[in-house]
Amino acid sequence: MPPRPSRRRVPPYGFLAAVKGNLGAIAVGLKYFLDPNRFTLHYPREYIRLKPGYRGFIVLNKAKCIMCESCARICPAAAMKMVRFQAPDPRRPGKMKLYKYPVINYQRCIFCGYCVDVCPTEALRHVPAHDVVYYNLEEMDLNLEQFQVEPKSPAEVEGGIPVRYVFDPERGLVKVPEKGQAGGG
Amino acid sequence: MSSPGELKLSGWEVGETRKLPGMDVKKIGKDLYEIFIGPQHPGSGHMRIIVRLDGDVMVEVDPDLGYVHRTMEKLAEGRSFIKVIPLVERMAILDACNITLPYVEAVEKLMDIEPPERAKYLRVLLCEINRIASHLYGMGIFGVFLGHSTMYMWPFGDREVFVELAERLTGARLTHSYPVPGGVRRDVPEGFTDDLRKAVRYMRKRLEEYRKIFLDNPVIRARLEGVGVIPRNLAIELGIVGPNLRASGVEYDVRMVEPYEAYGELDFEVPVFEEGDALARAWVRVEEIKQSLRILEQVADKLDKMPREGFMHDKFWAKAPKLYKDVYSREGRVKLMPLFANLKVPAGKAFARAEAGRGEIVYYVESEGKFTPYRVRVVSPSFRNAIVFKYIAPGHRLMDLPAIYGSIDYFPPEADR
């Protein structure tokens with residue numbers, strides 16, 4: 001059946017309804033006063049174990065990169081740039097070859113994940129970390145070596161408890177401590 | 001100027017400006033005051049409301065927009081077609097899919113392609129998750145405007161349920177960049193539809209509690225009933241859109257009058273209220289969340305029955321290498337073909353619209369057959385709703401302004417683009 005309009009009116013309100021409304025509001029408030037529905041994350045004592053599909057920080061696998069430049073071309077924030085350098089060609093001894101690899105500037109990155117999705121060889125991937133911090137702005141402009149190192153969440157490094165949120169029809173989201181091996185993600 | 005602590009109303013000269021908590025007040029005549037509310041974030045973003053008061057009654061209200069203008073339309077002219085999507089989605093927090101969808105549809109019209117069936121349902125899925133999250137956000141702001149801090153904390157906490165759903169589907173909490181020309185970027189992950197059904201059951205229960213603590217609460221009724229009435233003819237004349245229009249008794253919803261994506265095949269109602277006051281606008285939002293939950297259930301059933309294929313138009317997927325198909329079957333992630341980076345869109349003009357959380361959003365995209373659009377015009381719902389302040393606030397007391405502002409669910413970053 002296609003969408004259709006339905007005309008309604010706000011329920012009428014009288015003295016009895018006001019009494020009932022007051023009591024109802026107090027009852028609901030009291031219910032949650034006695035049994036609050038809290039799911040606050042106590043960061044950094046706890047941190048969220050991110051799901052595999054999460055668009056977190058990005059890491060380059062240099063061995064898989066075919067230097068196609070697709071990632072740098074699709075980047076909407078111009079965060080990804082190619083670095084070019086001459087190095088000896090392993091296939092032709094004595095000859096030099098132009099290499100180009102992507103590097104990322106996290107000052108600009110918006111974590112849209114276009115680069116990861118457009119990479120034809122899966123050389124780029126997201127890691128399940130989103131809370132990496134840097135001491136200054138220059139550090140956020142990664143070089144080729146730094147771009148290949150998997151960043152770790154500081155909460156994880158400092159021994160926080162990984163938690164995850166599960167859906168519950170009664171309480172919405174429920175925070176449960178993650179069991180199992182570390183570093184899964 | 002004097003500090004708020006030492007405010008004395010005696011000896012206030014005409015033409016003198018004094019600071020009151022959160023606003024500058026200028027005396028413009030005997031018992032006439034000009035108040036500047038904002039632009040430092042009076043509620044849901046940076047805007048300024050210039051109010052002229054006769055005693056305590058507002059006689060003139062001017063919404064002063066443009067404090068968060070980011071020249072999105074101009075920036076879009078220098079970017080390739082796919083890069084405009086992450087740009088325009090920064091207009092509305094929590095409503096990213098609804099806001100970007102008409103742009104993607106306009107580009108699809110220019111390219112003369114249509115997304116496959118499953119992609120349409122996946123788009124509807126995220127649109128409705130966004131709509132619920134957007135309404136909950138608006139209700140939370142509304143609650144805190146009225147000093148009802150429970151209604152601030154609850155919707156913001158329950159919003160997290162839908163943000164979490166969106167994160168599992170797209171990989172990002174707010175800026176999803178989910179629809180792309182030809183299809184979508186992810187398929188539903190394992191166990192997603194079960195989580196969705198749990199969230200729907202939870203939200204239904206919560207809406208009953210919202211009604212008890214907020215909508216049926218005598219204090220809230222007293223503050224909202226008959227406040228900020230937009231009569232039906234004024235609503236049409238001013239061209240306001242979305243829940244505010246439907247609260248004034250106009251049956252208009254883009255999902256209904258011009259069904260896009262899979263909306264034509266879904267069974268849902270468009271709630272319309274007659275009163276047109278702030279209370280009716282709050283009710284419309286609650287009823288719309290109920291209908292969105294209905295849509296989500298139907299979409300979940302439909303997605304479970306469908307085979308897991310058809311999320312991208314063949315133009316972009318038929319020639320995809322094996323690696324792409326492996327990634328899809330393993331992770332449900334749709335790899336983009338490298339041609340997306342420089343998408344050449346045929347010359348032409350296209351127009352598309354959709355019903356975002358706050359109302360109708362319209363895109364006009366003109367292409368010259370190059371890699372970048374010639375023109376992207378955006379008309380956002382909040383921009384069309386902003387004018388209401390000028391017409392409905394005068395006549396009310398100043399203390400009714402938060403109730404009116406909150407009920408309109410005005411969102412400056414969306415209006416200023």
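Just so it is clear: chains get the letters A, B, ... in the order the sequence lines come, proteins before strands, and each one is counted from 1.
- The line from CD1 of A:Ile110 to CZ of B:Arg90 is 4.5 Å long, rounded to the nearest 0.5 Å.
- At a threshold of 4.0 Å, the pair A:Asp168-B:Arg201 does not count as salt-bridged, since none of the basic side-chain nitrogens sits closer than that to a carboxylate oxygen.
- Atom NZ of A:Lys31 is separated from atom NZ of B:Lys212 by 7.5 Å, given to the nearest 0.5 angstrom.
- Ion pairing between A:Glu122 and B:Arg333 holds under the 4.0 Å rule for side-chain N and carboxylate O.
- Only the side chain of B:Arg206 has a heavy atom closer than 4.5 Å to any heavy atom of chain A.
- Taking non-hydrogen atoms and a 4.5 Å limit, the residue list of residues 73-81 of chain A in contact with chain B, ordered by number, reads A:Arg73, A:Ile74, A:Cys75, A:Pro76.
- Proximity to chain B at a heavy-atom threshold of 4.5 Å picks out A:Tyr32, A:Asn37, A:Phe39 from residues 32-41 of chain A, in numerical order.
- A:Phe167 has its side chain within reach of B:Glu164: a pair of non-hydrogen atoms, C-beta onward, lies under 4.5 Å apart.
- Under the 4.5 Å side-chain criterion, counting only non-hydrogen atoms from C-beta, A:Glu170 is not in contact with B:Tyr202.
- Only the side chain of B:Gln291 comes within contact range of chain A, judged by heavy atoms closer than 4.5 Å.
- Residues of residues 250-260 of chain B placed with any heavy atom under 4.5 Å of a heavy atom in chain A are listed by number as B:Glu251, B:Arg255, B:Met256.
- Among residues 8-16 of chain A, the residues having any heavy atom closer than 4.5 Å to a heavy atom of chain B are, in sequence order, A:Arg8, A:Arg9, A:Val10, A:Pro11, A:Pro12, A:Tyr13.
- Looking at A:Val28 and B:Glu208, their side chains never come closer than 4.5 Å, going by heavy atoms from C-beta outward.
- Annotation: side chain of A:Tyr114 is in contact with side chain of B:Ile85 (closest heavy-atom distance under 4.5 Å).
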